Amino acid sequence: MLTRRPLIGPSLLFAGALAACGGGSGEDPEGGEASESGASTTEETGEAGESGGALVDVALPQALGDAMYVNTVVYAEIPVHVRVEGEAESVQVSVGGVSYDAVDPEADGDWVATVAVAGTGSDTLTATASAGETSLEATAELVRGDDDIQLTDEDTVGPSTTPHPFVSEGRLFVVYTDRVDGSRVLLQELDGAGRTLGDPIVLVAGSVGATNARIEVADGQIAMVYQTPTGTPYEAFFAIYDLEGDELLAPMPLQTAGWSDSFGGDLEWDGEAFQVVHRINDGMQSSALQWLSITPSGDVTGPVDLATATPTGGTSSEPEASFPPATFVDLAVVGDHSVVTWSRYRYLGLLDTEVLKGYAAVVSREGEIVAEDAFASADDFLWTHSFHVNRVGERAVAIANVDDLNSPDVPAPTAFRGFAFDAGALENLSLDAGTLVLQEPDLREEVFVVEHPVHGATMLWIDHRQKSATGPEAPIELRVAALSESLELGDELVFPQARFFAGLAQLRGAPISTNLAISWSDARRGFPSSETYLDFVWY
């Protein structure tokens with residue numbers, strides 16, 4: 001029996017209404033010297049050992065601004081990494097009057113201690129590396145909480161959307177929107193425990209302002225594509241700011257004259273320019289998915305139409321049809337090319353109806369489309385709810401979220417199928433069956449993949465399977481798991497307090513050494529609430 005399920009449920013109505021990162025040197029907020037991670041290092045005691053065995057430095061790389069946060073509802077214990085330069089005979093981590101021995105299994109200076117955490121409050125965590133009579137210490141504040149970290153309050157600032165955390169120059173930031181005096185885009189600095197440092201900086205404001213903002217950070221520059229709630233329903237602009245909020249490139253409109261912008265969009269730095277993808281429409285169901293390249297000085301290449309749709313819809317002779325109202329469009333720059341992914345409807349003659357399919361295109365720096373393909377054939381019964389791509393090292397990792405319309409199961413199983421494209425092979429793009437990453441009952445959505453120094457990558461998504469197991473009142477869950485180079489999924493971790501409207505989670509993550517800062521639009525206050533929340537994943 002044919003079963004068709006909605007793409008985003010009630011959030012489709014809400015969508016219209018709401019319309020990576022690196023480390024570096026930092027300074028200790030108290031004025032002392034800071035390690036590369038931001039965790040302060042004390043003076044050594046005793047005499048240094050012989051050359052080759054001397055302790056040179058010790059640091060806590062998971063800390064920023066001398067602070068770390070752990071949600072004790074998610075974690076009973078955490079892996080604390082201690083980076084040692086030089087040779088240590090032993091390393092200990094102490095917190096709350098309890099000491100833990102660290103080990104260095106790879107003998108590469110990365111010592112790890114498994115530290116028990118419980119309750120709430122904060123303590124000084126101290127890592128001590130010893131060799132003979134010499135010892136070095138690094139300290140950071142470990143903050144323990146029993147919830148995710150709430151960054152915005154809807155009672156104060158209205159709905160908040162499209163949060164995006166990033167780390168630049170050893171500092172943690174988040175960009176998000178709110179609804180104070182219209183609509184605004186804000187830049188907020190945080191410490192490693194998710195506490196605000198100073199007031200947020202307003203990047204975009206005014207009676208029109210912006211309801212959605214997507215960013216890319218490179219060389220201390222925050223490039224942003226934001227949408228204003230005008231037109232039918234948006235206008236889109238590109239602008240660049242520095243970390244202090246100063247404008248480096250004035251906002252420039254992106255949509256073609258006479259057209260409006262649509263939900264979604266993405267951008268990424270290619271080493272010379274910011275590549276951008278977004279979708280435009282004429283208000284009459286004609287639309288186009290466009291690619292552009294914009295340099296920091298404002299020189300533009302494009303736009304190039306990657307896909308177009310007309311009001312006629314799909315037919316047997318012209319099967320490519322319209323885009324869903326809320327179409328996620330992603331871009332990943334790999335080498336001299338970018339991979340762009342999206343979903344759109346395609347007419348399926350066997351069913352005499354349109355089925356949602358995933359598509360990908362490869363674009364050169366100069367705007368030439370060098371490859372195109374669709375996930376699954378034109379004649380199968382696979383429904384592709386979304387198709388997301390992210391850069392992981394020198395590969396583009398794309399994840400298709402699909403189910404089989406022929407499945408007799410209710411609810412039908414939905415699968416994540418993954419594709420990993422190497423930089424040197426993008427011109428031969430082929431979306432065949434892919435690698436089965438995960439298949440479980442019910443929906444899963446909004447997957448986001450972040451490069452990870454140990455596992456290869458970490459994958460975030462929102463998951464509906466608890467609704468199948470315990471009933472419709474069960475929450476849509478935030479899940480996180482390691483994703484290996486071969487696209488094998490590790491153990492899944494659930495952040496149980498997060499709440500979502502399907503399709504509007506806006507999950508994003510930024511690495512802090514082996515950890516991950518993650519943010520999302522949270523709906524725990526009920527429809528149509530939308531507040532920005534943050535938490536940390538420990539590896």
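Residue numbers run from 1 in the order of the sequence given. Predicted model only: the values in this text are computed from it and were never measured.
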- Evaluate the side chain to side chain contact (heavy atoms under 4.5 Å, CB included) criterion for residues Leu243 and Glu169: first the C-alpha distance (whole Å), next the side-chain angles of each, then the deciding distance (0.1 Å), finally the verdict. CA-CA 9 Å; Leu243 296 179; Glu169 299 178 3; 3.6 Å; yes
- Does Arg524 make a cation-pi contact with Phe500 (under 6.0 Å, within 45 degrees of the axis)? no
- Item | Least distance between heavy atoms, Pro61 atom then Arg83 atom | CB-NH1, 3.3 Å
- Query: Does a sphere of radius 6.0 Å around CD in Glu440 hold more than 12 heavy atoms from other residues, nucleotides or ligands, not counting ones at 6.0 Å or beyond?
  - Reply: yes
- Scan residues 527-539 for pairs that pass salt bridge (charged side-chain N to carboxylate O under 4.0 Å, His left out), counting only residues two or more places apart or in two chains. Arg525-Glu531
- Query: How far apart are the closest heavy atoms of Thr177 and Thr211, and which atoms are they?
  - Reply: OG1-O, 3.4 Å
- Message: Checking Asp491 against Arg479 for the salt bridge (charged side-chain N to carboxylate O under 4.0 Å, His left out) test, could you report, in this order, the C-alpha distance in whole Å, the side-chain angles of both residues, the deciding distance, and whether it holds?
- Response: CA-CA 10 Å; Asp491 294 337; Arg479 296 196 175 215; over 6 Å; no
- Query: Is it true that atom CD of Glu485 has more than 12 heavy atoms of other residues, nucleotides or ligands lying nearer than 6.0 Å?
  - Reply: no
- Message: In this structure, is the centre-to-centre distance between the rings of Tyr234 and Phe263 below 6.0 Å?
- Response: no
- Item | Glu446 side chain to Ala502 backbone, donor-acceptor under 3.5 Å | no
- Query: Is the Tyr226 to Phe238 ring centre distance short of 6.0 Å?
  - Reply: no
- Task: Could you pull out the closest heavy-atom pair between Ile512 and Ala517, with the gap in Å?
- Result: CD1-CB, 4.0 Å
- Message: Do Phe387 and Val402 make a side-chain contact, defined as non-hydrogen atoms from C-beta onward lying under 4.5 Å apart?
- Response: no
- Item | Under 3.5 Å: donor-acceptor pair, side chain of Gln188, backbone of Gly198 | yes
- Would you confirm whether Thr72, through its side chain, and Gly145, through its main-chain N or O, come within 3.5 Å as a donor-acceptor pair? yes
- Query: Looking at Trp342 and Arg344, what are the two nearest heavy atoms and their distance?
  - Reply: NE1-CD, 3.8 Å
- Query: How long is the gap from CG on Leu249 to CZ on Phe274, to the nearest 0.5 Å?
  - Reply: 9.5 Å
- Assign the ring pair His452 / Tyr539 to parallel, tilted or perpendicular, where the plane angle (0 to 90°) is split at 30° and 60°. perpendicular
- Message: So, taking the atom named OG in Ser519 and the one named OH in Tyr533, what distance separates them when rounded to the nearest 0.5 Å?
- Response: 13.5 Å
- Item | Any side-chain donor near an acceptor of the partner, Thr384 and Ser343, under 3.5 Å | no
- Message: Donor-acceptor check, side chain of Asp261 to backbone of Ala236, threshold 3.5 angstrom: yes or no?
- Response: no
- Are the aromatic ring centres of Phe328 and His388 under 6.0 angstrom apart? yes
- Task: Measure the CG-CE distance between Leu267 and Met224 for me, rounded to the nearest 0.5 Å.
- Result: 10.0 Å
- Qualifying residue, where the test is side chain to side chain contact (heavy atoms under 4.5 Å, CB included) with Phe448 and the options are Leu460, Ile399, Thr458, Ile518: Leu460
- Query: Per the side chain to side chain donor-acceptor pair (under 3.5 Å) rule, which among Asp153, Thr532, Asp178 passes with Ser160?
  - Reply: Thr532
- Message: If you count every heavy atom of other residues, nucleotides or ligands that lies below 6.0 Å from Gln150 atom CD, does the total exceed 12?
- Response: yes
- Apply the test side chain to side chain contact (heavy atoms under 4.5 Å, CB included) to residues Asn401 and Val447: give CA-CA distance (whole Å), side-chain angles for both, the deciding distance (0.1 Å), then the verdict. CA-CA 8 Å; Asn401 177 20; Val447 61; 6.0 Å; no
- Determine, step by step, whether Ser521 and Thr161 satisfy the side chain to side chain donor-acceptor pair (under 3.5 Å) criterion, reporting the C-alpha distance in whole Å, the side-chain angles of both residues, the deciding distance to 0.1 Å, and the verdict. CA-CA 6 Å; Ser521 289; Thr161 64; 5.7 Å; no
- Task: Show the numbers, then the answer: is there a side chain to side chain contact (heavy atoms under 4.5 Å, CB included) between Val537 and Asn515?
- Result: CA-CA 6 Å; Val537 183; Asn515 281 7; over 6 Å; no
- Item | Sidechain-backbone polar pair: Arg499 side chain, Pro496 backbone, donor-acceptor under 3.5 Å | yes
- Message: For Trp383 and His385, take the angle between the two ring planes, folded into 0 to 90°, and tell me which bin it lands in: parallel under 30, tilted 30 to 60, perpendicular over 60.
- Response: tilted
- Message: Under a 3.5 Å distance rule, please check whether Arg391 uses its side chain to pair with a backbone N or O of Glu451 as donor and acceptor.
- Response: no
- Arg195 bridged to Glu189 by N-O distance under 4.0 Å: no
- Item | Pairwise salt bridge (charged side-chain N to carboxylate O under 4.0 Å, His left out) hits with a residue in residues 244-255, at least two apart | Arg171-Glu244
- Message: For Thr514, is there any backbone N or O sitting under 3.5 Å from a side-chain donor or acceptor partner on Gln62?
- Response: no
- Please determine, by modelled atom types, if Asn212 and Thr162 share a side-chain donor-acceptor pair under 3.5 angstrom. no
- Distance in Å, Thr120 OG1 paired with Arg144 CZ, rounded so as to fall on 0.5 Å steps: 7.0 Å
- Side chain of Asp373, backbone of Leu431: donor and acceptor closer than 3.5 Å? yes
- Query: Which is it for Arg214 and Asp266 under the salt bridge (charged side-chain N to carboxylate O under 4.0 Å, His left out) test, yes or no, and what are the steps along the way?
  - Reply: CA-CA 6 Å; Arg214 294 168 176 86; Asp266 199 7; over 6 Å; no
- Can you tell me if Glu372 uses its side chain to pair, donor with acceptor, with the backbone of Ala361 under 3.5 Å? no
- Rounded to the nearest 0.5 Å, how far does CD1 of Ile222 lie from NE2 of His164? 10.0 Å
- Message: Check the orientation of Tyr75 and Phe495. Use parallel for under 30°, tilted for 30 to 60°, and perpendicular for over 60°.
- Response: perpendicular
- Task: Nearest 0.5 Å please: distance from the CG atom of Leu197 over to the CG atom of Leu172.
- Result: 8.5 Å
- Message: Gln466 vs Asp442, test: side chain to side chain donor-acceptor pair (under 3.5 Å). Steps then yes/no.
- Response: CA-CA 9 Å; Gln466 272 294 347; Asp442 218 328; over 6 Å; no
- Message: I'd like to know whether Val70 forms a side chain to side chain contact (heavy atoms under 4.5 Å, CB included) with Val143, so could you lay out the CA-CA distance, the side-chain angles of the two residues, the decisive distance to 0.1 Å, and finally the verdict.
- Response: CA-CA 6 Å; Val70 57; Val143 180; over 6 Å; no
- Query: Do Asp305 side-chain atoms and Ala307 backbone N/O form a donor-acceptor pair below 3.5 Å?
  - Reply: no
- Minimum heavy-atom separation for Asp242 to Leu187, with atom names? O-CD2, 4.2 Å
- Message: Under a 3.5 Å threshold, yes or no: a donor from one side chain and an acceptor from the other, between Gln275 and Ser338?
- Response: yes
